[in-house]
Each structure stands twice: as structure tokens, then as C-alpha cells.
Amino acid sequence: MLICVKNKMLSVLALVLCLVSLLCGCFGSDECRKHTDSDGNGVCDLCYSSVFVYFDFYNINDLHGKFSDADSNIGVDELSTYLKNARKTDENAVFLSSGDTWQGSAESNLTKGLILTDWMNELGFSAMALGNHEFDWGEEYIAENEKLADFPILAINVYDRKTNKLADYCTASTMVEGDGLQIGIIGAIGDCYSSIAVDKCDEVYFKVKNELTNLVKAESEKLRKKGADFIVYLLHDGVGQSYGSSERDVNRSQLSSFYDVSLSDGYVDLVFEGHTHQGYILKDEYGVYHLQNRGDNKGGISHVEVALNTATDGYDVRVAEHISTYEYANLKDDKVVEKLLQKYENQIDFATKSLGYNSLYRSGDYLRQLCADLYYETGVKEWGKKYDIVLGGGFTSVRSPYNLWQGDVTYADIQSIFPFDNQLTLCKVSGRNLRDKFFYTNNSDYFISYGDYGEKVKQNINLNSTYYIVVDTYTAYYKPNGLTVVEEYKKDVFARDLLADYIKNGGLAK
Ligand SMILES: [Zn+2]
Ligand SMILES: [Zn+2]
């Protein structure tokens with residue numbers, strides 16, 4: 001127990017030193033049970049070693065499955081090299097994700113996130129917060145990824161409607177350890193339930209606002225009791241505005257739409273955010289940092305180095321920065337990406353072959369309108385004999401890279417632009433809702449298509465009549481639209497599949 005007793009022959013000096021050490025709680029010349037630093041010089045008064053233990057947190061937000069190098073983003077091959085190097089140089093490097101990790105590329109979507117989860121295992125991630133887009137394929141796929149993951153999927157506020165307990169695939173918090181100190185990590189999803197297709201999350205509900213604050217406070221107290229020296233909060237929500245990469249102070253009202261600043265009063269020490277795809281490094285009135293990066297592996301990642309003071313039990317944030325993709329884009333690729341592409345080859349190979357030629361640059365709006373046209377045509381073909389279909393379309397939102405360049409087009413290309421797995425549905429709608437929600441909607445995410453019959457109805461809608469339209473499931477189940485689902489189209493045929501067929505038939509070649 002007495003580390004300073006190394007020789008059988010005790011010198012008087014050693015004895016005196018040991019007694020002093022015991023009195024001060026310091027147990028030896030180079031290993032103290034508890035350092036003291038009365039002059040605040042960062043060195044233990046007794047054993048002269050540093051009182052600081054460093055932790056380096058590397059957080060990724062909204063990666064959206066960007067696994068391979070593409071026109072508009074780099075892949076995770078260079079990022080893997082960067083993170084592995086960081087692990088070699090930083091004593092305690094902790095890799096985290098604040099959500100929306102999986103969905104948004106062919107490699108990830110075709111493996112339903114598994115290739116990304118596998119990658120996170122290989123790199124040794126400690127935790128990932130659940131994002132709204134983790135629900136895009138349905139809860140069973142979150143559960144499947146959770147089974148594969150060597151790290152917990154954190155969401156303290158996702159509750160099972162039946163059991164009224166935390167959803168099976170979620171964990172409230174976790175702890176990681178380094179140099180005898182413990183880091184608590186709590187994760188939550190923001191108030192974004194309505195941004196998920198209803199049929200993909202109907203088994204759960206999210207606790208938000210005060211309920212969420214209370215959950216996080218209670219969890220923090222629990223973690224502190226278990227010995228947490230520092231608490232990181234991964235929150236899949238954030239500020240709706242970019243402030244760039246220089247640090248800036250914010251007041252509580254600038255955070256209040258998603259974060260209760262009373263959490264910074266001793267409950268959480270650092271917050272990594274996501275969801276809004278904005279870049280910022282903010283410091284709130286309690287000195288707690290909030291970081292987010294732009295996402296899609298375009299803006300880079302967030303890095304915070306913290307020095308935990310083992311004498312005072314306080315901490316200093318030594319570094320709070322964005323590591324831009326430029327800092328790693330030219331590194332040598334790590335082999336892990338190649339290895340995983342081979343592992344999942346059967347599921348993703350077809351996606352990299354050309355479907356056909358695209359003769360012109362096609363803007364996002366062009367593609368969205370084209371999707372609406374394809375919804376309408378497909379709907380009429382499928383149900384037109386039985387029902388008078390007024391229009392097709394709905395939520396045909398596009399994602400990064402948002403457009404198509406001239407050249408050969410692969411399924412992977414359009415998978416990135418239309419990542420959403422929403423089926424076509426035939427719905428009933430009242431004349432009033434047909435007018436307000438579709439023909440004269442002010443929702444810029446909605447694109448519609450209709451023929452002569454639709455035009456006639458548009459000019460003369462009977463507000464109390466019932467009409468038939470073809471939309472995606474997201475639009476169909478969005479309650480304010482007031483739609484009733486009549487029939488669903490083939491399972492596993494989504495907007496991008498209609499577009500793929502169109503391209504195969506030379507639709508974009510002219
Ligand atoms: Zn996102
Ligand atoms: Zn999100």
C-alpha cells in the first residue's frame with residue numbers, strides 16, 4: 001500500500017515523507033491517491049506530478065451515411081486514418097456521434113446502417129445518440145444496429161408506448177474510463193417526432209421539454225454518484241443558425257428552443273449537438289460548450305480537449321474546435337473502408353453500376369417535380385381503372401448532393417438524393433384538404449403533378465366531396481393533411497426506384 005516504501009532499509013527521510021504524505025492523503029513520491037495543488041501551478045504539492053488528466057472528445061454529427069468518397073463529400077476512409085492517429089497521440093480519445101449517422105448513402109441505406117455501425121465498432125466509438133433519421137427504415141432496423149453495435153445507442157427520452165419504459169434499443173447513459181477517471185455520457189433526441197414518418201415510430205413517443213430536462217438531471221445525479229468526473233451530453237437537436245468556427249458566447253434565449261440552460265448548472269459539462277446541420281462553437285452563461293458541425297462529412301468534426309483537475313475536481317476546456325475536412329481529406333485512406341465494402345459487397349454492388357445516361361444538369365426542383373410526375377403516372381397505372389385519381393406527389397424532398405450532374409447515373413447517386421423509404425399510397429381526401437394542402441399549399445417541400453382531370457377538379461373543387469390522390473407514406477400519415485389511406489403500393493418501391501426505372505428507359509438521356 002505504501003508505494004514509497006521500496007527498500008527494506010527505510011531512511012529517516014522516507015519515513016518523514018511518508019508520514020507527511022499520509023497526513024495529506026498523498027501516498028507516495030509518484031502516485032498520489034489524491035493530489036493537492038495549493039499554489040495552483042498544475043503540479044501536485046507532494047509528488048510533483050501533473051494534477052491534470054486529459055480527455056479528447058471527437059464528435060461526429062449528421063454523418064448521414066457518407067461512407068465512400070463522392071462528388072460532394074469525402075468518405076470515412078480518410079476520417080478513419082485521422083481518428084486512429086488521434087487515438088495514438090491523445091491519451092484518452094473518446095469517439096462520439098450525436099445522431100443521424102446512418103441514413104443518406106447507397107452503402108448505408110442498402111445495408112440499413114449496418115456498414116456504418118460496423119465502421120464505428122472498428123474505430124471504437126463509445127456512444128451514439130439516436131437521431132430522427134435513424135427511424136427512417138423503421139424501429140426494427142434500429143434494434144438490428146443496436147445488436148451489432150459494441151457501443152450503446154443513447155436516447156434517454158424515447159419511450160415505448162406499451163410498457164411506458166425506455167425503448168428496448170435505447171440506453172439512457174454510459175460511462176467510459178481513463179486514467180482512473182470516469183466520463184458519463186448521456187444522449188437524447190430532440191423534439192423532432194413530427195419529422196419522422198408516423199408509421200416508422202408509432203410504437204414510441206419522445207419525452208421533451210421539462211420532462212427531458214428532469215430525466216437528464218436525474219441521470220446526471222445518478223452518474224455523479226457512480227463516480228462520473230465529467231458529463232458529456234449528446235443531443236440530437238441544436239441551434240438553427242451557423243456561427244462558424246470561432247468561439248462565441250450565447251445567452252439562454254439563444255438555446256431555449258431545444259436546450260434548458262439549467263442543465264449547465266452542474267448537470268452536464270459539455271454538449272455535442274446535431275440535427276440542424278449548422279456549424280458553431282458556443283459557450284453558454286455557465287461556461288458549458290455547445291458544438292455542432294455541418295454534417296454530411298462536409299464540415300468536418302468537432303473536437304474538445306478537457307483537462308480534468310484531480311486536485312480540485314474541476315476542469316478546463318483546453319481546446320474547442322472544428323476539425324475541417326481539409327485537415328484529413330488528403331490523408332492516406334484507412335483500409336477499414338475497403339474491408340467493409342467487401343464484407344457488404346452483395347448488398348451494395350449493384351448500386352454502383354450505371355442505370356443510364358443523364359444528358360443535362362438536373363436541379364433538385366427538376367427532380368422533385370419529376371418524382372411527382374412519376375407518382376402520378378404510377379398511381380394512375382395501378383389504380384386508375386378503379387379510382388379517378390386527381391393528382392400525385394407530396395413530400396418529394398431531396399438531400400445532399402441535391403441535384404444530378406451530366407453523365408452516367410448510378411442507383412447510388414439517386415439513393416443519396418432520395419434517401420427516404422416512403423412507399424406510394426392511394427389516399428382519400430376531402431375537397432377542402434385537396435385545395436388547402438395540395439393544390440394551393442404553401443409547403444415548399446410539396447410537389448404535385450396532375451393531368452386534364454386534375455386540372456378540371458382544380459378549377460372546380462367541391463369542398464365537401466371526396467377525391468383520390470397518390471402520395472408517399474410520409475405525406476399520407478402526416479395528420480394535418482387529413483388523408484385516409486386506401487391502398488399501399490408494392491412494398492420496397494420508393495421514389496428513387498421509380499426514378500431508376502425512368503433512367504433505365506432513357507428518360508434522362510434526351
Ligand atoms: Zn441530420
Ligand atoms: Zn436529425
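Both counts, for ligands and for their atoms, begin at 1 and track the order of listing.
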I want to know whether [X] and [Y] have ring centres closer than 6.0 Å.
X: F350; Y: Y411; value: yes
X: F57; Y: F230; value: yes
X: F135; Y: F206; value: yes

Result block: side-chain N/O donor-acceptor pairs under 3.5 angstrom for residues 111-131, not counting sequence neighbours:
unit_1	atom_1	unit_2	atom_2	d
T111	OG1	E107	O	2.8
T111	OG1	S108	O	3.2
T111	OG1	I115	N	3.3
T117	OG1	W102	NE1	3.1
T117	OG1	G113	O	3.3
T117	OG1	N145	OD1	2.6
D118	OD2	K343	NZ	2.7
D118	OD2	Y344	OH	2.7
W119	NE1	S80	OG	2.8
N121	OD1	D150	N	2.7
N121	ND2	L148	O	2.9
E122	OE1	K339	NZ	3.4
E122	OE2	K339	NZ	2.9

Taking the six-membered ring of F418 as reference, does the cationic atom of R368 (NZ for Lys, CZ for Arg) lie under 6.0 Å from its centre and within 45° of its axis?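 The answer is no; the distance or angle limit is not met.
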Cation-pi between K207 and Y159: NZ/CZ under 6.0 Å from ring centre and within 45° of the ring axis?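 Geometry flag: set, cation within 6.0 Å and 45°.
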What protein N/O/S atoms sit under 2.8 Å from the Zn ion (ligand 1), by chain and number?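 The answer, once waters are left aside, is D62 OD1, H64 NE2, D100 OD2, H277 NE2.
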Within the stated cut-off of 2.8 Å, is an N/O/S atom of H236 closer than that to the Zn ion (ligand 2)? yes
